[in-house]
Amino acid sequence: MTAVRQYWLLKSEPDVFSFDDLWAAPDHTTCWDGIRNYQARNFMRDDMKRGDLAFFYHSMDDRPAVVGVVEVVREAYPDHTAFDARDPHYDPKSNPNSPTWMMVDVRAKERFPQPVTLQELRDTPGLEQMELLRRGSRLSVQPVRAGEWEIVRALGHGRSDARRGNARRADAGPRVGRGSAPR
DNA sequence: GCCAACGTTGGC
DNA sequence: GCCAACGTTGGC
């Protein structure tokens with residue numbers, strides 16, 4: 001059974017933990033601890049697989065942006081920070097015998113030569129349905145469609161052909177990957 | 001189950 | 001700092 005590689009987006013506040021911090025970590029690897037939202041946890045626990053790739057997104061920054069790519073190198077296991085009363089993410093309702101919160105390990109894979117800002121994402125055709133861009137969206141672990149992945153990655157590598165204005169009639173006619181159900 | 005109050009997220 | 005939107009909590 002060859003699993004299809006899935007794509008994700010992980011948010012982090014650079015003041016707390018930045019892509020540079022991850023790059024500086026041993027083996028460019030860290031545990032993605034501190035997730036305390038059930039929907040985000042479920043994505044990690046149930047759907048994230050080794051080999052999946054994720055965008056690393058800087059939130060709460062002067063320039064919120066996708067800054068690089070990480071790879072899932074270990075699948076879900078208990079988030080021990082929930083058991084530590086001194087940890088900011090301590091949750092007394094989670095206990096080691098049946099942990100409420102889980103985490104995965106990720107390894108930095110590539111830093112984008114050119115960060116893709118939130119504004120740029122908003123301005124790029126084909127990303128209209130990205131979870132990140134949905135009004136009121138706060139999910140810190142979210143799936144990314146394959147088509148969206150390719151577009152954002154191209155932007156991160158400075159390929160501007162996907163950008164509005166540079167694109168030739170990007171808004172005209174049907175686009176690949178546009179067929180999903182309206183919501 | 002309802003819903004108001006509260007805390008958090010996150011862009012601006 | 002402001003504020004909109006969301007998730008969680010807890011009384012009823």
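Every chain is numbered from 1, with letters handed out A, B, ... down the list of sequences.
Phe19(A) is linked by a ring-ring contact (aromatic ring centres under 6.0 Å, His included) to Trp23(A), Phe56(A), counting only residues two or more places apart in sequence or in another chain. Partners of Gln119(A) under the side chain to side chain donor-acceptor pair (under 3.5 Å) rule, at least two apart in sequence or in another chain, are Asp123(A). Qualifying side chain to side chain donor-acceptor pair (under 3.5 Å) partners for Asp21(A), counting only residues two or more places apart in sequence or in other chains: Ser18(A). Residues meeting the side chain to side chain donor-acceptor pair (under 3.5 Å) test with His89(A), sequence neighbours left out: none.
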Base-pair string, DNA chain C, Watson-Crick plus G-U, cut-off 3.5 Å on both distances, | for inter-strand, is ||||||||||||
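Protein chain A contacts DNA chain B from dG7(B) to dC12(B), reading 5' to 3' and using non-hydrogen atoms of the protein with a distance under 4.0 Å.
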Which pairs of donor and acceptor atoms, one on a side chain in residues 60-79 of chain A, lie under 3.5 Å apart (sequence neighbours left out)?
| unit_1 | atom_1 | unit_2 | atom_2 | d |
| --- | --- | --- | --- | --- |
| Glu75(A) | OE2 | Arg50(A) | N | 2.9 |
| Tyr77(A) | OH | Asp105(A) | OD1 | 2.5 |
| Tyr77(A) | OH | Asp105(A) | OD2 | 3.4 |
| Asp79(A) | OD1 | Thr81(A) | N | 2.9 |
| Asp79(A) | OD1 | Thr81(A) | OG1 | 2.5 |
| Asp79(A) | OD2 | Gly34(A) | N | 2.8 |
| Asp79(A) | OD2 | Arg36(A) | NH1 | 2.9 |
| Asp79(A) | OD2 | Arg36(A) | NH2 | 3.4 |
| Asp79(A) | OD2 | Thr81(A) | OG1 | 3.4 |

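Among residues at least two apart or in separate chains, side chain to side chain donor-acceptor pair (under 3.5 Å) pairs with a member in residues 7-17 of chain A are Trp8(A)-Asp52(A). The salt bridge (charged side-chain N to carboxylate O under 4.0 Å, His left out) contacts involving residues 81-101 of chain A comprise Asp84(A)-Arg86(A), Asp91(A)-Lys93(A), where partners must be two or more places apart or lie in separate chains.
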